[in-house]
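Contents: one structure, followed by commentary.
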Amino acid sequence: MPLAMGSFLNIYAFLSFMWNQLKTAFFLGLLMGLFLFIGSFFGTTGLTIALIFGFGFNFIQYFFSDKIVLAMYRAKELNKNQAPNLHKMIEDICKKANMPKPKKVCLIPSDAANAFCTGRGPSHYVVAVTQGILNLLTNEELKGVLAHEIGHAKNRDVLVATIAASIAGVIVYLANMARWGAMFGSRDENGNSNVVSLLILSILAPIAAVIIQLAISRSREYLADSTGARIIKNPLALASALNKLENGAKARPLRFGSKAAASLFIVNPFSGRALINLFSTHPPLNARIKRLKEMEF
């Protein structure tokens, strides 16, 4: 019976993994479709300029984001002598996940309880935790959080986020061009005025791009939850940790850093909840916990 239940758990985890991957592919496809639609309003030159700026800026961020984010949150490296238990925990999780150990394990000097992973992927990533999360969680809960963060690296979520941000950035750039075109009475190739179309495009396109980009962020959080729970084989520990962290973020939000990087953390470190789920960087807590509990047999 235990073997049968274990097999069923593996099948469920695999299906959950594939579903979230398909959702990401679908949302990236939507972003690209929106980009191509908007691009059809512009000539080759405008489109090329937008591509160069959008992809160039975001891929520079991709290669240097770990240094930028660590500095933004005042994170300092913790060596093995300073935090032997934390390093041992991470080493055990990495072994189970068939992953190399992070290049750095860092501490953020804050009582707010949270953690994040940054870096380019499985061979180059950093895990950072706050002092607050070390004080708040049990060992099993902390393992769940660390497995979630290592899951982000395993799933190459920084790369996915960079691609999404690049396409969304180009869409916003083109929308700004459309706004200027509307102001100066732009006309199409037949000489007809398309001011109204450009104005509508300049307003709706950036909103649509942001909504899709945030949907991708939420799907990757679900995927990291599933991956982390599968690594440690203890979904309930991660579910318990998420509940504590979400409540902690409401009571004691992070007091420094940038809200632009809130999606990196396991829960939103500034408010704990968005007013509208469409504009949230993280999935609803209840939905995350429900999915994790469904993995327990």
Side-chain angles (χ1 to χ4, degrees), residues 9-24 26-27 93 97 112-118 127-130 132-133 136-138 140-158 160-161 164 211-254 259 261-297:
L9 176 57
N10 289 334
I11 292 170
Y12 180 89
F14 174 75
L15 290 175
S16 177
F17 174 85
M18 291 304 299
W19 172 242
N20 281 290
Q21 293 285 38
L22 286 171
K23 280 201 299 184
T24 300
F26 171 73
F27 287 131
I93 293 168
N114 228 307
F116 69 76
C117 173
T118 184
V127 170
V129 296
T130 63
I133 202 171
L136 178 67
L137 300 185
T138 66
E140 288 303 310
E141 290 167 343
L142 184 57
K143 284 179 187 177
V145 169
L146 294 171
H148 169 102
E149 298 306 336
I150 290 167
H152 274 306
K154 188 177 181 70
N155 297 332
R156 299 180 182 273
D157 286 336
V158 173
V160 172
I211 288 174
I212 296 170
Q213 187 182 355
L214 290 173
I216 291 171
S217 174
R218 292 192 297 273
S219 74
R220 303 313 285 186
E221 287 301 319
Y222 279 132
L223 183 60
D225 284 347
S226 173
T227 302
R230 192 169 68 251
I231 290 170
I232 63 168
K233 294 181 171 57
N234 189 355
L236 293 186
L238 178 54
S240 176
L242 288 174
N243 190 50
K244 286 184 179 181
L245 294 176
E246 182 93 353
N247 291 329
K250 295 173 190 173
R252 187 173 290 174
L254 197 61
K259 292 186 178 181
S263 62
L264 284 175
F265 288 85
I266 188 168
V267 299
N268 190 313
F270 297 106
S271 62
R273 179 177 296 177
L275 293 176
I276 303 174
N277 286 336
L278 276 177
F279 295 97
S280 174
T281 56
H282 294 73
L285 174 68
N286 290 341
R288 295 176 76 177
I289 290 177
K290 181 176 181 290
R291 291 188 182 205
L292 287 166
K293 286 182 175 179
E294 287 172 351
M295 294 179 68
E296 182 70 12
F297 299 93

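Note that the coordinates shown come from a computational prediction; the quantities given were computed from them, not determined experimentally.
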In this structure, NZ of Lys244 is separated from OG1 of Thr138 (nearest 0.5 Å) by 5.5 Å

Check step by step if side chain to side chain contact (heavy atoms under 4.5 Å, CB included) holds for Leu238 and Ile266. CA-CA 11 Å; Leu238 178 54; Ile266 188 168; 4.2 Å; yes

Roughly how far, to the nearest 0.5 Å, is NE2 of His282 from CZ of Phe265? 9.0 Å

Which distance, rounded to the nearest 0.5 Å, do you find between the NZ of Lys250 and the CG of Asn268? 11.5 Å

Let's go through Leu245 and Val145 carefully: what are the C-alpha distance in whole Å and the side-chain angles of both, what is the deciding distance for side chain to side chain contact (heavy atoms under 4.5 Å, CB included) to 0.1 Å, and is it a yes or a no? CA-CA 10 Å; Leu245 294 176; Val145 169; 3.9 Å; yes

I'd like to know whether Lys293 forms a side chain to side chain contact (heavy atoms under 4.5 Å, CB included) with Lys290, so could you lay out the CA-CA distance, the side-chain angles of the two residues, the decisive distance to 0.1 Å, and finally the verdict. CA-CA 5 Å; Lys293 286 182 175 179; Lys290 181 176 181 290; 5.9 Å; no

If you look at every heavy atom in Ala153 and Cys117, which pair is closest and at what distance? CB-SG, 4.0 Å

Is the backbone N or O of Ala97 less than 3.5 Å from a side-chain atom of Lys154, with the two atoms forming a donor-acceptor pair by type? yes

Just by distance, do the side chain of Asn114 and the backbone of Thr130 share a donor-acceptor pair under 3.5 Å? no

Sequence-distant partners of Ser240, side chain to side chain donor-acceptor pair (under 3.5 Å), two or more places apart: Glu141

Pair Glu221 + Arg218: basic N to acidic O under 4.0 Å: no

Please round to the nearest 0.5 Å and tell me the distance separating atom CG of Leu242 and atom CG of Asn247. 11.0 Å

Locate the shortest heavy-atom distance separating Leu292 from Pro235; write the atom from each residue and the value. O-CB, 3.2 Å

Please give me the minimum heavy-atom distance between His152 and Asp157, naming the atom from each residue. ND1-OD2, 2.6 Å

Which pair of non-hydrogen atoms, one from Ile133 and one from Ala115, has the smallest distance, and what is that distance? CD1-CB, 4.1 Å

Answer yes or no: is there a side-chain heavy-atom contact under 4.5 Å between Lys143 and Asn234? no

My understanding is that only residues two or more places apart in sequence, or in another chain, count here; which of them pass side chain to side chain donor-acceptor pair (under 3.5 Å) with Asp225? His148, Arg288

Interatomic distance, CG@Leu137 vs CG@Leu146, rounded to 0.5 Å, equals 9.0 Å

Verify, without hydrogens or angle tests, whether Ser217 (side chain) and Thr281 (backbone) share a donor-acceptor contact under 3.5 angstrom. yes

To the nearest 0.5 Å, atom CZ of Arg220 lies from atom CZ of Arg156 at 11.0 Å

If every non-hydrogen atom of Phe270 is compared with every non-hydrogen atom of Pro253, which pair is closest and at what distance? O-CB, 3.1 Å

What's the shortest heavy-atom distance between Leu136 and Ala113, and which atoms? CD2-CB, 3.7 Å

